[in-house]
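All chains are named by letter (A, B, ...) in the order of the sequence lines, taking the proteins before the strands, and each is independently numbered beginning at 1. Side chains included, hydrogens not; waters and symmetry mates left out as well; all remaining heavy atoms used.
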2 protein chains.
Amino acid sequence: MRSGVALLAGLSMMSGFALAATPHAATMQEILAATRASDWRALDDDNTLLMDLPGGRVVIELAPQFAPAHVANIKTLVRAHYFDGLAITRVQDNFVTQWGDPHAGEADARSLGDASPTLPPEFTRRSSGLAFTALPDRDAYAAQTGFVDSLPAARDSRLGEAWLTHCYGMVGAGRDNDPQSGSGKELYVVIGQAPRQLDRNIALVGRVVQGMELLASLPRGSAAMGFYTDAESKPPITRIRIAADLPDREREHLEVLRTDTPSFAALVASRRNRRDAWYVAPAGHIDVCNVPLPVRPVARTGH
Amino acid sequence: MRSGVALLAGLSMMSGFALAATPHAATMQEILAATRASDWRALDDDNTLLMDLPGGRVVIELAPQFAPAHVANIKTLVRAHYFDGLAITRVQDNFVTQWGDPHAGEADARSLGDASPTLPPEFTRRSSGLAFTALPDRDAYAAQTGFVDSLPAARDSRLGEAWLTHCYGMVGAGRDNDPQSGSGKELYVVIGQAPRQLDRNIALVGRVVQGMELLASLPRGSAAMGFYTDAESKPPITRIRIAADLPDREREHLEVLRTDTPSFAALVASRRNRRDAWYVAPAGHIDVCNVPLPVRPVARTGH
């Protein structure tokens, strides 16, 4: 397995503690091991969705700072148990996994209750008043990329706008051709190469911080664009809850590495130019969608 | 399903004929419908691997123009039926699926036969003498990106070098820390965000042109870096054959859109600035790893 293990030295990990078990990634491991409790931020239970599937739980942190109307509407839907018993309706290879009401738009579609069927397009927001940790690395799609509250984002000072970027694991709200037709009743998550062409065209509402593999390893749908056919069994959604609405023992106690810290800057530097023994030609660059965003169980004391 | 279908208009498809069934992707559909037989190239059976898994077949076109020694060694291994009965040993979410001998490096490892256990590092090649169709779009990692024989690639005229890029679906040969330790006995395919930091550090040997979903939708391994544990059932490889070694009826008759044609240039332009009714802000840019590389069954007449 030697060459296999060696190839691992090339990995960009999604999880801090997975790294702790990675003998070949000492540099990043050391940086994470040296972090202090203050370098980490616990998830906001009021804005964390716990999506329970038969195979396990997906944890999604919402981004009200970018899509307040969508986040509020999604929380209204979740509190009305809208998603409970619905299903994953589409899995398109190298694009997205999407879930919602298989009967949406039909006579027996589930009611949205008090939620709004349409929302203002929250595709971008004003960049002013946003704590943006910029990457020095050039980006091919945006004037500048970086991070806001541990979420990958982009900014254009000329436009005075900022937006979340469609990186792997980012969650968005499907919409029709009408820019205001999104409601959050149908959500998708990026499972392949970052479809950056979607940036500024649709509302991203958060990101998966744990359980991503549950949404990425599903069978691809056989109909056009990855939709499951009626004959195919659509993976069911047991329930979606807001963490704050559950008793403490049923929540997930996770924290993410703050992206406005020297520890994160050191992590990015270590990934921009990999010094692992395996590398012969460090890239000297890193794409915003290739920066690992470490997640770990809440540490009651410093890591 | 309306908003779901609408979201589809945002897709970057991997397959030409899937697109033909995509009512919302008219622009690209029209371009592909207007192609002539001469815009397409049939796969080279002598350099096409047919990887049979219990769930279906994966078709991989090898790239001898970039990694001749690796391709020759892989063909030696395949002709000795080295991979038959071996397994997929690792699936790491958002990184790679890897296969080879679960007992590699152990006493009962399968013999490499006449294949070489080490090879010269074919991480880059001289750019001279290579028909390179350049993209005008800037790339964040390389001086220039583009396509060579329908494969995503990069070039640096200052270095006088060219290399294949680690885009979704690209296949490479695992290696140990020694740059010459790769042999092709252990292969990996990119299943997530393009790990471009691997470019120029390891030999890419080809790309999956059909069946990618079979390798991307596998359960992720639970051990560090996605390796399957001994307790987990490793997805078996029924056999891998070179298309030219099989009777015609057992081969796959596929062709890929030539990347050195006006049709491909038109396709790229249509993806760089999406004019679908769904889009409100065309990107004005495209990343080499976001360019669809159409594949279709061999058309005996023009499409």
Item to complete: Would you check, one step at a time, whether the test side chain to side chain contact (heavy atoms under 4.5 Å, CB included) holds for A:Leu198 with B:Tyr279?
Response: CA-CA 8 Å; A:Leu198 296 181; B:Tyr279 278 84; 3.5 Å; yes
Worksheet entry | Between CG on residue A:Asp199 and NE2 on residue B:His285, distance to nearest 0.5 Å | 11.5 Å
Worksheet item: Ignoring hydrogens and geometry, is there a side-chain-to-backbone donor-acceptor pair from B:Gln193 to A:Ala194 under 3.5 Å?
Response: yes
Worksheet, complete the sentence: What one should report as the nearest heavy-atom pair of B:Asn177 and A:Ala277 is ND2-CB, 3.5 Å
Discussion item. Just checking A:Asp230: does its CG atom have more than 12 heavy atoms from other residues, nucleotides or ligands closer to it than 6.0 angstrom?
Written reply: no
Fill in: chain A interface, residue from B:Ser217, B:Gly55, B:Cys167 that has the most non-hydrogen pairs under 4.5 Å
B:Ser217
Worksheet item: Which heavy atom in B:Val280 sits nearest to a heavy atom in A:Arg175, and how many Å separate them?
Response: CG1-NH2, 4.2 Å
Practice prompt. Could you have a look at B:Arg138, B:Glu213, B:Arg272 and say which one has the most heavy-atom pairs with chain A under 4.5 angstrom?
Written response: B:Arg138
Worksheet item: What are the two closest heavy atoms between A:Asn290 and B:Tyr141, and how far apart are they?
Response: OD1-OH, 3.2 Å
Worksheet item: Given the options A:Gly100, A:Pro179, A:Ala140, A:Ala109, which has more heavy-atom pairs under 4.5 Å with chain B than any of the others?
Response: A:Ala140
Discussion item. Test side chain to side chain contact (heavy atoms under 4.5 Å, CB included) on A:Met212 and B:Asp93; report intermediate values, then the result.
Written reply: CA-CA 8 Å; A:Met212 185 58 203; B:Asp93 194 56; 3.7 Å; yes
Worksheet entry | Best-contacting candidate, A:Asp137, A:Asp287, A:Val91, against chain B by heavy atom pairs under 4.5 angstrom | A:Asp287
Fill in: A:Pro282 versus chain B, the contacting section by heavy-atom distance below 4.5 Å
backbone
Discussion item. Just so I know, are the side chains of A:Ile286 and B:Gln197 near enough to count as touching, which here means a heavy-atom distance under 4.5 Å?
Written reply: no
Worksheet item: What part of A:Ala142 is in contact with chain B, defined as an atom under 4.5 angstrom from a non-hydrogen atom: side chain, backbone, both or neither?
Response: backbone
